[in-house]
**Q** 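Handing you a structure now.
Naming convention: chains lettered A, B, ... in sequence-line order (proteins, then strands); numbering from 1 in each chain.
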2 protein chains.
Amino acid sequence: MTSVEEPADPGERVRDPARTRAEILDVATREFARAGYDGARVDEIAARTRTTKRMIYYYFGGKEQLFTAVLERAYGLIRDAEQQLDVEHLDPVTAIRRLAGLTFDHCERHPDFVRLVGIENVQGAGRPGRTGSPALDVIRRILAAGQESGVFRAGVDAVDLYAVITSFCFFRVANRHTFGTLFGRDLLDAERRAHYRSMLSDMVVAYLTAEPTPG
Amino acid sequence: MTSVEEPADPGERVRDPARTRAEILDVATREFARAGYDGARVDEIAARTRTTKRMIYYYFGGKEQLFTAVLERAYGLIRDAEQQLDVEHLDPVTAIRRLAGLTFDHCERHPDFVRLVGIENVQGAGRPGRTGSPALDVIRRILAAGQESGVFRAGVDAVDLYAVITSFCFFRVANRHTFGTLFGRDLLDAERRAHYRSMLSDMVVAYLTAEPTPG
DNA sequence: GTCTATAGATAGATAGAC
DNA sequence: GTCTATCTATCTATAGAC
């Protein structure tokens, strides 16, 4: 044996596989988000990493699996954020505002996540394996509490509400360029961030507290 | 000269260039929407047309310009639809519901349009040349009328409102796959169409008619 | 586990006859 | 204007030395 506890001689590079894997994922996330699945280049990813293309195939198997790994990690991130939501002690209006704010903030801080989801949708069917969302359970409880106490209207579905909230948060990021070109307004302008953040909650709360539309 | 008014002999094919051009655009629209810009194949487009690949280059110059032409036509379609909006004679609430309904219907009937816009955004900056939207002027007038008559709150911006309306209409189409996988619900399910259509208007109207949130 | 070199497939684009 | 055949570049993926 060459060495027991001591790190080997400098010639033998003791690289951390987990670290290399994570670095590849970081770079791949940016590259896929930048150019789409088919537009992304494995060579480009390798070049921006401290490892080589061969290692990408060694660790992940191929471009397809790398893309899947990138997606899984991105989904895990928002999942974690949603899991940390603690709104049980809040009144329903404040609770739903907090949830909307969290979704808004996550998309704001992780635009690549939004783009990747869009790319996955262009690419084809969503890969199976992922299911549900911590946020959904939170919304269900908030809706139930709000309806019970009479501040929320009845008959609002949790999945629908989550779709509406996510729509706006996604749109700002995903359609930033065309919307900016068409209307001369940058939806991600930092100066308008707080405005859009509260507008989203205002709209959701207005809907939840309004009298149901007849018809 | 071979012939004056009469169509030439069968050996000389008198094809309609405008028709060929339109057919290429139709097929290209589907192909780009299906696979994204880099995923789309010029060969595939040609194969699904009654003409050849050479003609695509002859008419459009290249893949890039073909994609631009596809986008221009798609934008033109919604522009036309919006231009035909006639809501001047309606009360503000009905008017804004009609506008939201039109946007909703257009995305429903032209899912390729939504996908193409998403792809354009992934691809990079929105191409210049397009600007404004007939719907925006319509919204401006509706908002002004509604605020003047006191049914709408003040301080709501037309561009923001259009963004919100479009968000939901786009999201249903653009994120159908991943959302369906995650939540087991098809946002384009025909049975839920009417529900989502009115839900969007309900939300917008609730926001516009609610008391402004203090803060 | 890490590198270089290269295989193998396929894409966008064009030449050139008719 | 329309066709066939092909060029050239490039990309994913892998072989093989170390």
Side-chain angles (χ1 to χ4, degrees), chain A residues 1-3 7-25 27-32 34-71 119 122-124, chain B residues 1-3 7-25 27-32 34-71 119 122-124:
Chain A
M1 44 187 98
T2 53
S3 68
D9 60 305
E12 185 184 333
R13 305 186 189 161
V14 252
R15 295 204 183 154
D16 186 355
R19 192 179 141 55
T20 301
R21 227 187 106 92
E23 188 180 1
I24 292 173
L25 281 177
V27 175
T29 296
R30 286 196 290 274
E31 173 70 1
F32 280 123
R34 181 190 67 79
Y37 178 77
D38 289 292
R41 297 290 165 249
V42 179
D43 279 311
E44 186 66 23
I45 296 171
R48 296 186 187 280
T49 315
R50 271 169 300 181
T51 183
T52 64
K53 182 163 67 161
R54 188 66 190 82
M55 285 294 93
I56 294 177
Y57 287 91
Y58 181 80
Y59 279 117
F60 295 94
K63 186 181 185 179
E64 181 87 33
Q65 295 96 311
L66 177 58
F67 183 59
T68 300
V70 163
L71 277 173
I119 289 161
V122 169
Q123 221 44 37
Chain B
M1 44 187 98
T2 53
S3 69
D9 60 305
E12 185 183 335
R13 304 184 190 164
V14 251
R15 294 205 184 154
D16 186 355
R19 193 180 140 54
T20 301
R21 227 187 106 93
E23 190 181 359
I24 293 173
L25 281 178
V27 176
T29 297
R30 287 196 291 274
E31 173 70 1
F32 280 123
R34 181 189 67 79
Y37 178 78
D38 289 292
R41 297 289 166 250
V42 178
D43 279 311
E44 186 67 21
I45 296 171
R48 296 186 188 281
T49 315
R50 272 170 299 181
T51 184
T52 63
K53 182 162 68 160
R54 188 64 188 84
M55 284 295 91
I56 294 177
Y57 286 90
Y58 182 80
Y59 279 118
F60 296 95
K63 186 180 186 181
E64 181 87 33
Q65 296 95 312
L66 176 58
F67 183 59
T68 301
V70 163
L71 277 174
I119 289 161
V122 169
Q123 222 44 35

**Q** List the residues meeting salt bridge (charged side-chain N to carboxylate O under 4.0 Å, His left out) with A:Arg48, not counting sequence neighbours, and say none if there are none.
**A** A:Glu44
**Q** Could you tell me which non-hydrogen atom of A:Ile119 sits nearest to which non-hydrogen atom of A:Tyr37, and how far apart they are?
**A** CG2-N, 3.6 Å
**Q** Could you check how far CD1 of B:Ile56 sits from P of D:dG1, rounded to whole Å?
**A** 16 Å
**Q** Please tell me if A:Thr52 has a side-chain N or O lying less than 4.0 Å from either OP1 or OP2 of C:dC3.
**A**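 Checking C:dC3 against A:Thr52, a side-chain N or O does come within under 4.0 Å of OP1 or OP2.
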**Q** Choose from C:dT2, D:dG1, D:dC3 the nucleotide whose nearest atom is closest to any side-chain atom of A:Tyr58.
**A**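 From the listed options, C:dT2 comes nearest.
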**Q** Considering non-hydrogen atoms only, spot the tightest contact between B:Leu66 and B:Ile45 and give its length.
**A** CD2-CD1, 4.0 Å
**Q** Base, backbone or nothing for each nucleotide of nucleotides 9-18 of chain D, written B, S, -, heavy atoms under 4.0 angstrom, 5' to 3'?
**A** --SBBBBB--
**Q** Any idea which heavy atoms bring A:Val70 and A:Phe32 closest together, and the distance?
**A** CG2-CD1, 4.2 Å
**Q** Mind calculating the distance between CZ (B:Phe60) and C1' (C:dT14) to the nearest angstrom?
**A** 18 Å
**Q** Rounding to an integer number of Å, can you tell me how far A:Arg21 CZ sits from C:dG1 P?
**A**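 These atoms are roughly 12 Å apart.
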**Q** So, using salt bridge (charged side-chain N to carboxylate O under 4.0 Å, His left out) as the criterion, who are the partners of A:Lys63 when residues are at least two apart?
**A** none
**Q** Considering all heavy atoms of both residues, which atom of A:Ala46 and which atom of A:Lys53 are nearest to each other, and what is their separation?
**A**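 Taking every non-hydrogen atom into account, CB-N, 3.4 Å.
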**Q** Can you tell me how far C1' of C:dC3 sits from OH of A:Tyr59, to the nearest Å?
**A** 14 Å
